[in-house]
Visitor: 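Provided herewith is a single structure, encoded as structure tokens, for subsequent inquiry.
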Amino acid sequence: MGVQGPGESVDKFLRRPIPSHPLAVPPAAGTFGVWQIRRVRESPIGYVLSRNEAGVTVYHCYAHGRDNAGGRPWLRTTDSLNSAVAWMIQNEDELSVLQQQLHPEPDAWPR
């Protein structure tokens, strides 16, 4: 009646739709959790990483490029992949300026 067994919880999790967006490219087809945001392959805008925080899925936006410590600069957290992509597209000019100040990505995106 109000209590779910472990099988019901897992089933509910597995039936969630996989988040997707036409400008969000995962590293491998059919995967989710991290996406490269781009209009064209040659000029990525940034990255989105999904995480479960306190039982809620959030989407962290990161710049394309590495800072002096070797990490991608965190930009913003949103509540959906669509919101993350929309924010990055709306701020593409500013992200391009930031990207010029960063070190290049060490590895190419697989897809």
Side-chain angles (χ1 to χ4, degrees):
M1 282 207 359
V3 179
Q4 292 184 351
E8 293 174 86
S9 298
V10 168
D11 188 52
K12 183 177 177 182
F13 176 79
L14 293 176
R15 290 182 190 223
R16 291 186 321 184
I18 295 175
S20 65
H21 188 283
L23 300 179
V25 181
T31 62
F32 68 98
V34 63
W35 299 266
Q36 184 182 70
I37 310 306
R38 65 185 188 212
R39 293 181 195 268
V40 293
R41 182 176 175 84
E42 294 78 27
S43 55
I45 301 167
Y47 299 89
V48 174
L49 174 69
S50 69
R51 288 203 177 149
N52 187 316
E53 295 180 0
V56 176
T57 302
V58 296
Y59 297 82
H60 296 284
C61 301
Y62 294 89
H64 178 71
R66 301 296 176 117
D67 58 20
N68 289 334
R72 290 188 182 117
W74 174 87
L75 304 168
R76 179 184 183 91
T77 299
T78 66
D79 61 357
S80 72
L81 177 60
N82 284 341
S83 294
V85 173
W87 183 85
M88 293 185 99
I89 295 300
Q90 290 167 357
N91 293 280
E92 188 171 4
D93 291 341
E94 293 86 353
L95 294 176
S96 178
V97 171
L98 173 61
Q99 184 177 345
Q100 293 171 9
Q101 301 168 11
L102 298 172
H103 302 285
E105 286 288 335
D107 301 312
W109 197 248
R111 308 186 31 206

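For clarity, every value in this text was computed on a predicted model and none was experimentally measured. Start at 1 with the first residue, then count along the sequence.
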Visitor: Cluster question for you: counting only ILVMFWY and a side-chain heavy-atom cut-off of under 4.5 Å, with indirect links fine, are V97 and I45 together?
Guide: no
Visitor: At their closest point, which heavy atom of P27 faces which heavy atom of P110, and how far apart are they?
Guide: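 Answer, listing the atom of P27 first, then P110: O-CB, 3.4 Å.
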Visitor: For a quick test of reading the model, state the closest non-hydrogen atom pair linking M88 to G46 and the distance between them.
Guide: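 What the structure gives for the nearest pair is CE-CA, 3.4 Å.
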Visitor: How long is the straight-line distance from NE2 of H64 back to CH2 of W109, given to the nearest 0.5 Å?
Guide: 10.5 Å
Visitor: Could you tell me which residues satisfy side chain to side chain donor-acceptor pair (under 3.5 Å) with R51, sequence neighbours excluded, listed by chain and number?
Guide: none
Visitor: Side chains of L75 and L95: does their closest heavy-atom pair fall under 4.5 Å?
Guide: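 Yes; the side chains approach each other to less than 4.5 Å.
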Visitor: Taking all heavy atoms of P26 and all of A24, pick out the closest pair and write down the distance.
Guide: CD-O, 3.7 Å
Visitor: Can you give me the closest heavy-atom contact between L81 and P19, atom names plus distance?
Guide: CD2-C, 3.8 Å
Visitor: Side-chain polar contacts of residues 30-38 - donor-acceptor pairs under 3.5 angstrom, sequence neighbours left out - could you list them?
Guide:
{"residue": "T31", "atom": "OG1", "partner": "A28", "partner atom": "O", "Å": "2.6"}
{"residue": "Q36", "atom": "OE1", "partner": "R38", "partner atom": "NH1", "Å": "2.6"}
{"residue": "Q36", "atom": "NE2", "partner": "Y47", "partner atom": "OH", "Å": "3.2"}
{"residue": "R38", "atom": "NH1", "partner": "R111", "partner atom": "O", "Å": "3.0"}
{"residue": "R38", "atom": "NH2", "partner": "R111", "partner atom": "O", "Å": "2.9"}

Visitor: Partners of S20 by side chain to side chain donor-acceptor pair (under 3.5 Å), sequence neighbours excluded?
Guide: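 Applying side chain to side chain donor-acceptor pair (under 3.5 Å) to S20 gives none.
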Visitor: Roughly how far, to the nearest 0.5 Å, is the OG1 atom of T78 from the OH atom of Y59?
Guide: 8.0 Å
Visitor: Under the salt bridge (charged side-chain N to carboxylate O under 4.0 Å, His left out) rule, what pairs show up with a residue in residues 56-68, not counting sequence neighbours?
Guide: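 Checked against salt bridge (charged side-chain N to carboxylate O under 4.0 Å, His left out) - neighbours excluded - the pairs reaching residues 56-68 are R66-E105.
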Visitor: Give a yes or no on whether L49 and L102 share a hydrophobic cluster (residues Ile, Leu, Val, Met, Phe, Trp, Tyr; joining criterion: side-chain heavy atoms under 4.5 Å apart).
Guide: no
Visitor: Any link between Y62 and I89 through a network of hydrophobic side chains (Ile, Leu, Val, Met, Phe, Trp, Tyr) touching at under 4.5 Å?
Guide: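 The answer is no; the residues belong to distinct hydrophobic clusters.
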Visitor: Check salt bridge (charged side-chain N to carboxylate O under 4.0 Å, His left out) between R76 and all other residues, then give those that pass, not counting sequence neighbours.
Guide: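 Salt bridge (charged side-chain N to carboxylate O under 4.0 Å, His left out) list for R76, sorted by chain: empty.
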Visitor: For residues 88-99, which residue pairs qualify under side-chain hydrogen bond (donor to acceptor under 3.5 Å, both in side chains), counting only residues two or more places apart or in two chains?
Guide: R39-E92
Visitor: Mind checking side chain to side chain contact (heavy atoms under 4.5 Å, CB included) for D79 and listing every partner two or more places apart, or none if nothing turns up?
Guide: S83
Visitor: Tracing side-chain links under 4.5 Å among I, L, V, M, F, W and Y, which residues wind up in one group with V40?
Guide: none
Visitor: So which atom in P73 and which in G65 form the shortest heavy-atom distance, rounded to 0.1 Å?
Guide: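 That would be CD-O, 3.6 Å.
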Visitor: Check side chain to side chain contact (heavy atoms under 4.5 Å, CB included) between T77 and all other residues, then give those that pass, not counting sequence neighbours.
Guide: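 Counting only residues at least two positions away or on another chain, T77 forms a side chain to side chain contact (heavy atoms under 4.5 Å, CB included) with V58, H60, W74.
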Visitor: According to ring pair (Phe, Tyr, Trp, His ring centres under 6.0 Å), does anything in residues 78-97 pair up with another residue at least two apart or in another chain? List the pairs.
Guide: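 As it turns out, there is no ring pair (Phe, Tyr, Trp, His ring centres under 6.0 Å) pair with a partner in residues 78-97 once direct neighbours are skipped.
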